[in-house]
*Asks:* 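One structure follows; several queries about it will come next.
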Amino acid sequence: TAQFQVIKCKAAVAWAPRKPLVIEEIEVAPPQANEVRIKIVATSVCRSDLYCLLENLADICYPVVFGHEAAGIVESVGPGVTEFQPGDKVIPIFLSQCRECRFCKSPKTNHCENTSALLIREGMPGPPSRLSCKGKKLMLFGGTSTFSEYTVVNQIAVAKIDPAAPLDKVCLLGCGICTGYGAAVNVANVEPDSTCAVFGLGAVGLAAVMGCKAAGAKRIFAVDINPDKFEKAKVFGATDFVNPNDHSKPISQVLAEMTGGGVDYSLECVGNVEIMRSALESCVVGWGVSVIVGWTELKDLATRPVQLMVGRTWKGCLFGGFKSKDGVTQMVKAYLDKKVMVDEFITHNMTLDQINDAIELMKGGKCIRTVLSVSPK
């Protein structure tokens with residue numbers, strides 16, 4: 001039957017760091033035990049894809065197919081898969097939820113012991129990849145590799161979603177929106193009538209603004225050096241705008257003066273250690289909470305111990321603290337019920353063939369999210 005055949009399809013392959021992706025014909029082997037083969041309908045470019053391609057050059061294995069923010073339809077399932085069947089609408093997720101390990105069983109975390117490493121480094125055992133091109137195995141990125149017409153993902157890293165959901169919109173819930181929104185509502189635990197500051201107004205930062213608003217914050221400071229982002233931030237609930245370049249003093253001091261001592265909550269959505277420090281120091285003493293949301297592994301964090309000794313809390317999170325399968329399903333429902341915005345994040349629509357253009361747009365800060373339509377006609 002078809003489900004046991006190799007599928008030939010198109011994918012955007014990264015053969016080397018800092019080089020344009022190449023649209024290639026690849027082979028996608030059938031799903032093995034506990035795996036799901038998914039026809040990707042839509043995927044978007046997240047800054048983490050760019051970070052891995054352009055910045056974090058530490059021995060990532062190439063060739064690789066990037067992409068981890070997508071939605072699609074189950075094409076076939078391997079032995080032992082009972083949760084999914086062909087035709088199901090799904091979102092693959094880089095953070096798994098096996099429901100069996102000590103982390104999955106604990107309400108205190110959204111980690112899962114069985115999550116595959118986001119990046120496969122030389123000599124690391126990666127998740128098995130069913131993708132290959134020109135006789136070479138293609139590395140699976142984040143366990144998902146969605147810049148491809150088909151991919152194969154372990155069932156613990158796939159969320160089944162409402163069949164009514166438009167895949168070219170909800171693909172954004174596979175990473176960015178859940179990451180920012182959850183950081184505010186699940187991790188910072190923003191309270192009604194509080195003041196918040198969000199540093200960085202990409203998709204994750206705008207989602208954090210939306211989360212602060214949903215939690216009832218009365219003042220939400222949007223902080224970015226690109227003033228073009230401020231109009232967009234208003235749409236999601238920001239009340240005040242601060243461009244650090246407009247001030248000669250440190251941004252933490254500016255915010256302290258504007259709020260009578262600092263904000264109750266701050267969220268760093270850039271992935272820059274200096275900004276993480278500023279975000280922490282922008283919090284009020286006594287109870288301020290600062291959450292690190294932006295991803296980087298390139299530098300160490302620093303602050304003076306007294307910054308924490310006076311009562312601030314410094315936290316970090318992955319995927320906004322959502323248990324992944326549960327969170328994605330719940331956020332898709334919230335979108336369908338008009339409780340969270342998704343369409344407003346999409347600034348461009350392209351096809352997989354135009355992926356290098358989409359990457360350039362993001363590099364230049366010209367888009368919030370570009371959705372690529374993928375599925376073979």
*Asks:* With sequence neighbours left out, which residue pairs that include part of residues 152-180 fulfil the salt bridge (Lys or Arg N to Asp or Glu O under 4.0 Å) condition?
*Replies:*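 Of all non-adjacent pairs touching residues 152-180, those that pass salt bridge (Lys or Arg N to Asp or Glu O under 4.0 Å) are D88-K160.
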*Asks:* Can you tell me how far the CG atom of L308 sits from the CH2 atom of W314, to the nearest 0.5 Å?
*Replies:*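 Here the interatomic distance stands at 6.5 Å.
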*Asks:* Tell me, do I26 and S132 make a side-chain contact under 4.5 Å, heavy atoms counted?
*Replies:*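 Heavy-atom side-chain distance check fails, nothing below 4.5 Å.
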*Asks:* Heavy atoms, side chains only, cut-off 4.5 Å: are K232 and I368 in contact?
*Replies:* yes
*Asks:* What salt bridge (Lys or Arg N to Asp or Glu O under 4.0 Å) pairs are there with at least one residue in residues 257-267, not counting sequence neighbours?
*Replies:*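 Pairs touching residues 257-267 that pass the test: K249-E257.
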*Asks:* With sequence neighbours left out, write down each residue that passes ring pair (Phe, Tyr, Trp, His ring centres under 6.0 Å) with F319, or none if nothing qualifies.
*Replies:*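 Ring pair (Phe, Tyr, Trp, His ring centres under 6.0 Å) check on F319 returns F94.
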*Asks:* By the side-chain hydrogen bond (donor to acceptor under 3.5 Å, both in side chains) test, which pairs, at least two apart or in different chains, include something from residues 23-33?
*Replies:* W15-E24, E24-K134
*Asks:* What pairs meet the salt bridge (Lys or Arg N to Asp or Glu O under 4.0 Å) rule with one or both residues in residues 272-296, with sequence neighbours excluded?
*Replies:*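 Listed once each, the pairs are R277-E281.
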*Asks:* Are F241 and V254 joined in one hydrophobic group, where the rule is that I, L, V, M, F, W and Y side chains link up if heavy atoms are under 4.5 Å apart?
*Replies:*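 Hydrophobic grouping puts F241 apart from V254.
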*Asks:* Among the clusters formed by ILVMFWY side chains lying less than 4.5 Å apart, do V284 and M258 turn up in the same one?
*Replies:* no
*Asks:* Could you walk me through whether T151 and S145 pass side-chain hydrogen bond (donor to acceptor under 3.5 Å, both in side chains), step by step?
*Replies:* CA-CA 7 Å; T151 189; S145 286; 5.2 Å; no
*Asks:* How would you list all residue pairs meeting side-chain hydrogen bond (donor to acceptor under 3.5 Å, both in side chains) that involve residues 205-226, not counting sequence neighbours?
*Replies:* R219-D240
*Asks:* Hydrophobic clusters here meaning ILVMFWY residues chained together by side-chain heavy-atom distances under 4.5 Å, can you tell me if L255 and L201 are in one?
*Replies:* no
*Asks:* According to ring pair (Phe, Tyr, Trp, His ring centres under 6.0 Å), who are the partners of F103, at least two apart in sequence or on a separate chain?
*Replies:*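 Ring pair (Phe, Tyr, Trp, His ring centres under 6.0 Å) list for F103, sorted by chain: empty.
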*Asks:* Residues in side chain to side chain donor-acceptor pair (under 3.5 Å) with D343, at least two apart?
*Replies:* Y335
*Asks:* When you check the side-chain N and O atoms of Q354 and T351, is any donor under 3.5 Å from an acceptor?
*Replies:* yes
*Asks:* May I ask you to check whether F66 and F141 place their ring centers less than 6.0 Å from one another?
*Replies:* yes
*Asks:* Please report the C-alpha distance between S194 and Y265 in whole Å, then the side-chain angles of each, then the deciding distance to 0.1 Å, and finally whether the side-chain contact (heavy atoms from CB on, under 4.5 Å) criterion is met.
*Replies:* CA-CA 8 Å; S194 58; Y265 303 96; 3.6 Å; yes
*Asks:* Decide side-chain hydrogen bond (donor to acceptor under 3.5 Å, both in side chains) for S278 and S252; before the verdict, give the C-alpha distance in whole Å, the side-chain angles of both, and the deciding distance to 0.1 Å.
*Replies:* CA-CA 6 Å; S278 297; S252 54; 5.8 Å; no
*Asks:* What distance do S290 atom OG and E268 atom CD have between them, rounded to the nearest 0.5 Å?
*Replies:*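 It comes to 8.0 Å.
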*Asks:* Are a donor atom and an acceptor atom from the side chains of E35 and N154 found within less than 3.5 Å of each other?
*Replies:*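 On atom types as modelled, these side chains do not qualify, holding no pair under 3.5 Å.
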*Asks:* So which pairs with a foot in residues 175-200 pass ring-ring contact (aromatic ring centres under 6.0 Å, His included), sequence neighbours left out?
*Replies:* none
*Asks:* Any chance the side chains of S266 and S282 put a donor and an acceptor closer than 3.5 Å?
*Replies:* no
*Asks:* Using side chain to side chain contact (heavy atoms under 4.5 Å, CB included) as the criterion, list what pairs up with E100, not counting sequence neighbours.
*Replies:* C98
*Asks:* Measure the spacing between CG of N114 and CD1 of I156 and express it to the nearest 0.5 Å.
*Replies:* 4.5 Å
*Asks:* Drop me the distance from I40's CD1 to S373's OG, to the nearest 0.5 angstrom.
*Replies:*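 Here the rounded value is 12.5 Å.
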*Asks:* For a 4.5 angstrom cut-off between non-hydrogen side-chain atoms, does I359 reach L50?
*Replies:* yes
*Asks:* Is the closest side-chain heavy-atom distance between R369 and T347 below 4.5 Å?
*Replies:*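 No, too far: nothing below the 4.5 Å cut-off.
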*Asks:* Got a second to check how far L298's CG is from N272's CG, nearest 0.5 Å?
*Replies:* 10.5 Å
*Asks:* According to ring pair (Phe, Tyr, Trp, His ring centres under 6.0 Å), who are the partners of F345, at least two apart in sequence or on a separate chain?
*Replies:*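 F345: ring pair (Phe, Tyr, Trp, His ring centres under 6.0 Å) contacts with F236.
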*Asks:* One pair to check against side-chain contact (heavy atoms from CB on, under 4.5 Å): K10 and D353. What are the steps and the verdict?
*Replies:* CA-CA 9 Å; K10 283 194 310 191; D353 294 336; 3.2 Å; yes
*Asks:* What I'd like to find out is whether the side chain of V36 reaches to under 4.5 Å of the side chain of V90, using heavy atoms alone.
*Replies:*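 Of all side-chain heavy-atom pairs linking V90 with V36, none is under 4.5 Å.
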*Asks:* For the side chain of K89 and the backbone of A164, is there at least one donor-acceptor N/O pair under 3.5 Å apart?
*Replies:*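 Not confirmed, K89 side chain does not pair with A164 backbone.
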*Asks:* Please determine whether side-chain contact (heavy atoms from CB on, under 4.5 Å) holds for the pair K333 and K339, giving the CA-CA distance in whole Å, both sets of side-chain angles, and the decisive distance to 0.1 Å.
*Replies:* CA-CA 9 Å; K333 185 179 183 324; K339 302 237 168 66; over 6 Å; no
*Asks:* Tell me which pairs pass salt bridge (Lys or Arg N to Asp or Glu O under 4.0 Å) where either residue lies in residues 357-367, with sequence neighbours left out.
*Replies:*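 Residue pairs passing salt bridge (Lys or Arg N to Asp or Glu O under 4.0 Å), neighbours aside: E360-K363.
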*Asks:* Any chain of hydrophobic side-chain contacts (each under 4.5 Å) joining V340 to I161?
*Replies:*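 In one cluster: yes.
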*Asks:* What do the steps show when you test V289 against K315 for side-chain contact (heavy atoms from CB on, under 4.5 Å), and what is the final call?
*Replies:* CA-CA 8 Å; V289 173; K315 303 167 89 165; 3.8 Å; yes
*Asks:* I'd like to know if the side chain of E83 and the backbone of Q155 have a donor-acceptor N/O pair within less than 3.5 Å.
*Replies:*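 It does not hold such a pair.
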*Asks:* Hey, does I7 have a side-chain heavy atom less than 4.5 Å from the side chain of E75?
*Replies:*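 A side-chain contact under 4.5 Å exists here.
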*Asks:* Is any side-chain heavy atom of V64 closer than 4.5 Å to a side-chain heavy atom of L138?
*Replies:*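 A side-chain contact under 4.5 Å is absent here.
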*Asks:* Could you tell me whether the side chain of C269 reaches within less than 4.5 Å of the side chain of V198, counting heavy atoms only?
*Replies:*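 Of all side-chain heavy-atom pairs linking C269 with V198, at least one is under 4.5 Å.
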